[in-house]
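Shown next, in structure tokens, is the structure this report addresses.
Since this is a predicted model, take the numbers as computed values, not measurements. Below, chains carry the letters A, B, ... as their sequence lines are ordered, and counting in each starts from 1.
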Amino acid sequence: MSGKDYFEIRVKQLARVEGEGGVWVKVKDGKIDYVEVNIFEPPRFFEAFLKGRSYLEAPDLTARICGICPLAYVMASSRAMEKILGIKVSDAANKLREMAFYGEWIESHVLHFAFLHTPDFLGKHSVFEIAKEHPQFLKDAIAARDWGNKVIEIIGGRPVHPVGFRVGGLHRIIKKRELEQLLGNYDEVKRIGRRLLEFILQLPIPEIRYDMVFMSLKGEKEYPILEGVVANNLGDEFPEDEFEERIIAEQKRYSNALHYRLRDGRPYITGPLARFNLNYELLSPEVRDVLEEFGFKPPLRNTYQSIIARAAETYHAILKIGRLIEEYREPSRAYEEAEVRAGEAVAIVEAPRGMLYHRYRIDDGGRILYADIVPPTAQNYAAMEEDILKVGDLILKKPREEAQRLVETTIRNYDPCISCSVHMIRLRIIEE
Amino acid sequence: MSGINGKIRLAVFKLTSCSGCQQQIIDLGELLLALLDRVEIAYFLEASSDAKPGPYDVALIEGSVSTPHEEKLVKNIRENSKIVVSVGSCATYGGIQALRNWMEFEEVKKTVYEKPEWVEALEKSRPISDFIKVDYAISGCPANKLQLLSTLKQILIGRRAYHREESLCQECKRKGNVCVVVAKGEPCLGPIIKEGCGALCPSYGRGCYGCFGPTIDPKPDALAKRFEDLGLSREEVASRIRNVTSWSEPIRRFLESYER
Amino acid sequence: MQEIVRSKLTPTPAEIINIIPETPDTKTFYFKPKAKLEKPKPGQFTEIYIPGVGEAPVSVSGIESDGVIIQTVRSIGTLTEYLFKLGRGDLIGLRGPYGKGWPMEKLKDKDVLIVGGGIGLAPLRPVIKEVERNRRDYGRLSILYGARNPSLLLYRYEFDEYRKIPNSELLLTVDRADETWTGNVGVVTQLIPKASVDPRNAVALVCGPEIMMRFTVKALEKQGFKGNQIYLSLERRMKCGVGLCGHCQVGPYFVCRNGPVFPYWMIKKYFWVDQI
Amino acid sequence: MFSGPLYSGGFSELKRLFQEIRDRNYRIVGPRLEDGVVRLGELQSFEEIPYGVSDVQRPGYYRIRVDGGRFRTPLDSPKQLLYPPELTIFRVTKDWKIEYPSYRFEKTALFGIKPCDLAAIKIMDRVQGELGDEYFLKMRENLLLVVENCVEPGENCFCATMGTGPAASTGFDIAYTRLDNSIILFQPGSDLGADILGELSLEPATPDQVGAFRRAILKAAERAKAGFRLENLPDILELNLESKVYREIAERCLGCANCNMVCPTCFCFDIIDEPELDGSSRRIRIWDGCHSYSYAQVAGGHFRKDLWARYRHSILHKFVYWLRQFGSFGCVGCGRCITWCPAGIDLREVISKIVEEVEERCRK
Ligand SMILES: Cc1cc2nc3c(=O)[nH]c(=O)nc-3n(C[C@H](O)[C@H](O)[C@H](O)COP(=O)(O)OP(=O)(O)OC[C@H]3O[C@@H](n4cnc5c(N)ncnc54)[C@H](O)[C@@H]3O)c2cc1C
Ligand code: SF4
Ligand code: SF4
Ligand code: SF4
């Protein structure tokens with residue numbers, strides 16, 4: 001591509017991502033001059049219509065922010081409400097939540113790495129085009145997703161917008177024998193998890209290195225999913241309640257989603273890559289063995305490698321669910337209740353795409369007065385734009401069409417969930 | 001039909017939604033592969049970057065119309081498609097985001113956006129049938145993947161697509177659930193909501209909150225009376241009934257009169 | 001013990017061997033069953049089945065000696081619309097014949113008054129053919145037939161043949177005429193006083209939309225017809241055709257099993273009750 | 001009501017009866033406590049039957065109490081078993097081969113069902129008739145019926161009015177009556193029943209016991225009554241087809257068809273034709289009910305568009321038409337439709353009101 005002229009790369013509508021967005025890259029004097037991740041997914045105003053609804057409805061309503069990761073919303077909103085009311089959820093209910101949530105990681109991760117992202121690395125338009133060359137991969141991907149979905153289905157009724165969960169626990173007691181159905185072909189499922197990871201580890205993934213800030217929950221003894229302290233690779237660790245003090249948000253004219261940065265203005269990355277790098281030791285040993293066999297160790301240094309983190313977490317999730325089922329004992333009560341009281345609380349969970357932050361204030365009748373939701377994808381937009389600037393050289397060395405594709409791939413590294421991201425509240429305005 | 005090897009050309013579009021209904025297509029798994037023997041996916045942006053132009057034999061539309069852009073888009077889809085199917089309760093009824101339709105829009109915008117004037121959205125989130133003729137409507141939040149598949153199978157053999165739209169209670173009883181209203185005193189929207197989900201909520205011991213939308217001949221007034229008997233205040237009754245499918249014609253009409 | 005359950009409600013495949021277009025939305029089909037079905041009697045019906053599409057009760061509008069069954073169908077819903085896309089050589093399924101037909105034995109030596117509205121002439125056509133075939137067994141034949149407009153009249157190509165039946169008449173009417181129409185305009189009930197049958201020794205056979213049948217009964221009673229001289233073919237939603245699915249009840253009767261043809265006296269009590 | 005010999009035993013004999021039936025290789029289906037209600041289910045052991053548990057059944061209301069009392073009709077009726085809610089009838093392949101499904105038919109004992117449900121089975125026998133549903137007929141062939149007579153009917157029971165209870169008189173293999181926890185009277189109703197009871201070495205009931213039995217049943221009959229009488233009921237209902245009660249009740253009725261679904265005699269079904277991707281297709285039969293909107297809908301019209309008309313049809317069918325169709329009433333007084341109506345509509349009250357209306361009119 002020649003140097004001096006001015007041109008643009010416009011991805012009018014991103015494909016193979018959830019939701020409606022585009023990218024606009026301006027190139028001037030052989031350098032990427034300006035990047036805009038343009039989110040035109042229509043706003044849905046959840047924070048507005050949540051007002052006045054019962055705290056009990058928050059899980060069902062917020063789940064509908066995202067059809068790919070509804071459980072993350074269920075978990076975050078339930079946990080925030082439980083914090084307000086001082087409810088301690090039973091161990092059994094927590095285990096069920098974790099199982100289902102891991103089921104969602106599998107469903108969401110496999111959807112992304114197998115269906116949406118792998119085509120990029122193999123130069124294809126869609127997974128359907130991959131089917132002929134790699135039938136086993138597609139079969140495994142479908143089987144893994146089916147199994148992940150089945151986990152959610154048994155515990156919650158259906159994979160998308162499950163109905164079985166509530167503030168305080170679950171709506172009904174799940175019998176151990178119901179869960180054991182999942183173990184019928186468990187050995188094969190484990191093998192599938194491993195095969196998928198191995199396949200991903202052999203993809204031609206671009207090698208680039210640059211510095212990034214990662215932020216995620218950090219587990220104490222377990223890989224983080226439902227809770228943890230917030231940590232980053234700058235050495236910070238803080239409780240979830242302080243999250244808001246550490247970040248700033250901006251509304252952009254070109255985007256229906258907010259952009260988030262650290263207080264010092266630096267973008268940060270949340271999601272599998274961040275979790276992986278900050279919690280590597282907590283991944284199941286079986287997973288680490290495979291990674292190390294293929295020569296991968298943390299930190300993974302570029303966002304193209306996020307696909308590896310996803311595949312690793314998928315295998316981890318499969319292993320984890322098996323262990324949780326074994327440990328599971330039916331509780332005597334499906335859920336805990338507490339006297340309704342006014343209050344405010346924050347909860348962060350690890351959605352497949354990263355930290356999902358919920359904050360609620362309720363009145364003494366249990367009505368929601370205020371809701372604030374920060375989805376992971378919104379947190380990643382600043383990083384996406386930054387990323388394209390950083391890999392600029394790589395992009396500009398390619399012919400136009402490929403360059404455009406690389407821009408798209410770069411965005412896809414984040415597995416953006418655009419529907420989720422069109423939420424905003426409390427912000428600083430950046431006029432462009 | 002018109003696609004490659006006589007396959008029907010299918011397009012999947014997304015408007016204002018959570019993508020959960022498109023997800024149902026992908027969740028078909030092996031069945032999706034079987035379907036691909038008969039169907040060419042010509043446009044499905046979430047799954048493929050190979051977006052082919054119309055005309056399409058069948059367009060599945062997920063999501064409600066809530067921006068001026070979408071209003072144009074649906075009209076365009078209609079012009080380019082032989083059969084249009086609204087998939088899910090957003091497309092069919094306006095969806096959960098239609099809960100804002102019950103509020104003052106300027107207030108709504110202000111609650112969420114610092115710069116409300118930058119936001120391009122219609123005042124109301126509406127079903128696509130408000131803008132174009134819809135051949136078949138599948139409801140559900142999300143749509144039931146098997147019902148969606150069944151619709152496609154019916155279209156494939158060239159018949160009118162049909163599903164029973166009787167009360168959820170019938171499905172609930174066929175499944176052998178224990179009625180939560182009778183055995184627990186919990187309000188349940190089942191009597192006015194159509195079957196299709198598998199009576200999921202009652203199967204999990206809770207009342208239905210109406211994500212599949214009203215039956216053909218629902219009786220929300222009678223149900224509201226019953227909820228009042230169960231001890232709910234009028235405000236609570238309205239709030240229960242005003243949920244995922246609140247902008248469907250019968251529920252909307254009921255709420256308007258109930259709250260007057 | 002694993003056992004196979006064979007439903008008695010199993011259709012027999014039948015080939016479409018001929019199709020005659022009747023009106024813009026009606027066609028007459030000739031079906032040749034692959035296995036012999038019982039010979040239908042005038043007024044009986046079959047269930048027409050198309051796999052994956054549905055099933056619908058349709059009257060027999062003609063019976064041929066070689067087992068071919070003739071049925072006239074209006075395209076109005078799932079099954080009927082689909083049937084219209086099929087052609088010669090295609091297979092459908094048939095069950096039946098079911099139901100009680102017209103009381104042919106009671107017509108012997110009587111004047112026969114046929115009153116048909118729209119598609120309602122279809123089940124009456126076999127009666128006309130029977131009277132024609134065994135002309136001497138019956139008295140005068142009077143056919144009164146009406147449709148919304150001339151293009152909706154069935155079997156127009158046969159009208160001359162009907163007219164040629166000795167000792168008979170064919171009176172036609174339409175609700176709305178067009179430029180080709182020179183005959184009567186108005187509802188079919190207006191023809192009843194014009195029919196040259198002897199009400200004391202006649203039997204009236206009526207089929208058409210429910211509302212038309214109500215007016216017809218009134219008009220017939222005015223002419224002196226008694227409850228046991230009027231027969232009506234009723235219609236209700238139907239799934240099984242044999243009195244098991246429950247849908248087709250009119251009062252205590254199953255239209256499929258006890259009907260579809262009823263003497264008026266039998267159903268009089270329910271006939272006038274709104275939404276019974 | 002009181003015919004045939006009675007034998008006396010206690011709880012241990014009842015348990016032995018259960019065991020004896022098991023030993024004869026019957027699958028046993030009976031009442032069990034599940035999800036907070038008593039319902040029919042497969043029983044592995046006698047202990048699963050919740051004795052000492054009572055149910056409170058009122059219009060639109062059901063709760064369990066562990067108070068040493070008795071429970072009445074379980075949520076499920078035998079219909080669930082004999083006439084399953086959803087059944088594949090056949091599959092047709094692309095080239096028109098018809099494949100029938102096969103099902104497991106095991107010797108099954110219905111243990112401890114109530115007299116009203118026994119009566120319902122007998123009604124279904126007649127409804128199915130010679131054209132009847134093959135599945136039903138096959139299930140029916142293999143059925144052993146053990147009935148528990150009711151000495152404590154519930155608030156929603158009106159078997160005595162319908163003449164189906166509180167004690168069964170015929171049509172069972174074995175009937176038993178728990179006078180109290182120590183005395184249980186057994187009654188054979190068939191050769192097979194007598195043969196099974198023969199294994200228990202029971203004593204003939206003493207005259208005192210027989211007397212107590214009679215008194216208990218008569219007392220129960222007093223309680224299991226509706227506010228109307230069957231005498232002339234069909235005629236009265238037909239005299240009042242335009243009753244305003246139907247319209248009043250339609251204000252409360254939800255049209256949900258729960259009453260149809262739970263009724264042990266409601267038999268209507270809908271058929272679904274499902275095309276498959278391989279070119280074959282399935283026919284499926286599923287429960288339907290006359291409260292369904294589409295029930296009387298036809299292409300281009302509707303015979304009972306208004307809910308009041310659908311409600312009226314259900315009453316007329318059970319209490320008028322059925323008699324002429326199948327020679328008995330279509331209701332056995334089990335009270336399920338009252339208990340499981342989410343709107344709490346009481347069928348007995350509706351009928352009483354219609355009757356009153358007619359009486360009122362006659363007085364004027
Ligand atoms: C005894 C009898 C004789 C009939 N004879 C004729 C005839 O000769 N020619 C003709 O064109 N039509 C006749 N009909 C009407 C015909 O049955 C309906 O038009 C047909 O069932 C519509 O089916 P569909 O699948 O196309 O419509 P849909 O509206 O899709 O109906 C779905 C199903 O509902 C039921 N249904 C719908 N409408 C009717 C109806 N009117 N009557 C009974 N069941 C219905 C059927 O089971 C049908 O399969 C007759 C009906 C009856 C009861
Ligand atoms: S639980 Fe709900 S859906 Fe089920 S029968 Fe009761 S009211 Fe109907
Ligand atoms: S029971 Fe109601 S709310 Fe629950 S999934 Fe079904 S339709 Fe939706
Ligand atoms: S109508 Fe009601 S009381 Fe009578 S048998 Fe049916 S469910 Fe029982």
| request: Give, as side chain, backbone, both or neither, the part of B:Lys184 having an atom under 4.5 angstrom from any heavy atom of chain D. | output: backbone
| Portion of B:Ile157 that has a non-hydrogen atom of chain D nearer than 4.5 angstrom | side chain
| task | Identify the two heavy atoms, one from D:Gln80 and one from B:Lys173, that lie closest to each other, and give their separation to 0.1 Å. | result | NE2-O, 4.1 Å
| query | Checking salt bridge (charged side-chain N to carboxylate O under 4.0 Å, His left out) for the pair B:Arg159/D:Asp273: CA distance, chi angles, key distance, verdict? | reply | CA-CA 11 Å; B:Arg159 63 169 275 198; D:Asp273 286 285; over 6 Å; no
| query | What part of D:Arg58 is in contact with chain B, defined as an atom under 4.5 angstrom from a non-hydrogen atom: side chain, backbone, both or neither? | reply | neither
| task | Go through D:Ser292, D:Ser294, D:Ala257 and name the one with the most non-hydrogen pairs under 4.5 angstrom from chain B. | result | D:Ser292
| From B:Ile192 atom CD1 to D:Cys256 atom SG, the distance as rounded to the nearest 0.5 Å | 11.0 Å
| said: If I compare all heavy atoms of B:Arg164 with all of D:Ile286, which pair ends up nearest, and what's the gap? | reply: CD-CD1, 3.4 Å
| request: For D:Pro342 and B:Pro191, work out which heavy atoms get closest and say how close. | output: CG-CG, 4.2 Å
| field | Interchain contact, B:Arg226 with chain D, by part (heavy-atom threshold 4.5 Å) | value | side chain
| message | Quick one, D:Trp340 and B:Val181 - any side-chain contact, counting heavy atoms below 4.5 Å? | response | no
| query | Side chain, backbone, both or neither: which part of D:Glu276 has an atom under 4.5 Å from a heavy atom of chain B? | reply | both
| Engaged part of D:Thr339 at the chain B interface, taking heavy atoms whose separation is under 4.5 Å | both
| task | Side chain from CB out, backbone as N, CA, C, O: work out which of these in D:Ile64 comes under 4.5 Å of a heavy atom of chain B, or both, or neither. | result | neither
| message | Take a 6.0 Å sphere around NZ of D:Lys305 and say whether it holds more than 12 heavy atoms from other residues, nucleotides or ligands. | response | no
| query | Any side-chain heavy atom of D:Glu274 within less than 4.5 Å of one from B:Ser150? | reply | yes
| request: Tell me, out of D:Arg39, D:His291, D:Glu86, who's got the most heavy-atom pairs with chain B below 4.5 Å. | output: D:Arg39
| Side-chain touch B:Glu166/D:Asp270, heavy atoms, less than 4.5 angstrom | no
| B:Arg174 side, atom CZ; D:Met261 side, atom CE - distance, nearest 0.5 Å | 7.0 Å
| query | Under a 4.5 Å heavy-atom cut-off, does chain D meet the side chain of B:Asn177, its backbone, both or neither? | reply | backbone
| query | In terms of heavy-atom proximity below 4.5 Å to chain B, should D:Leu75 be classed as side chain, backbone, both, or neither? | reply | side chain
| task | Heavy atoms only, distances under 4.5 angstrom: which of B:Cys179, B:Ala183, B:Cys169 has the most pairs with chain D? Name it, please. | result | B:Ala183
| said: Once rounded to the nearest 0.5 Å, what's the spacing between atom CZ of D:Arg252 and atom NZ of B:Lys225? | reply: 8.5 Å
| Are the side chain of B:Arg38 and the backbone of D:Leu277 linked by a donor-acceptor contact shorter than 3.5 Å? | yes
| note | When every non-hydrogen atom of B:Val182 is compared with those of D:Cys341, the smallest separation belongs to CG2-O, 4.0 Å
| Reported NE2-to-CD1 distance for the pair B:His163 and D:Ile272, which is rounded to 0.5 angstrom | 8.5 Å
| message | Quick check on B:Glu235: does its CD atom have over 12 non-hydrogen neighbours (other residues, nucleotides or ligands) under 6.0 Å away? | response | no
| After noting the C-alpha distance and the side-chain angles of B:Asp217 and D:Arg310, does the key distance pass the salt bridge (charged side-chain N to carboxylate O under 4.0 Å, His left out) rule? | CA-CA 12 Å; B:Asp217 188 27; D:Arg310 304 204 284 281; 2.8 Å; yes
| Got B:Asp221 and D:Glu251 here, is their nearest side-chain heavy-atom distance under 4.5 Å? | no
| query | Tell me, side chain or backbone of B:Leu35 under 4.5 Å from chain D's heavy atoms, or both, or neither? | reply | both
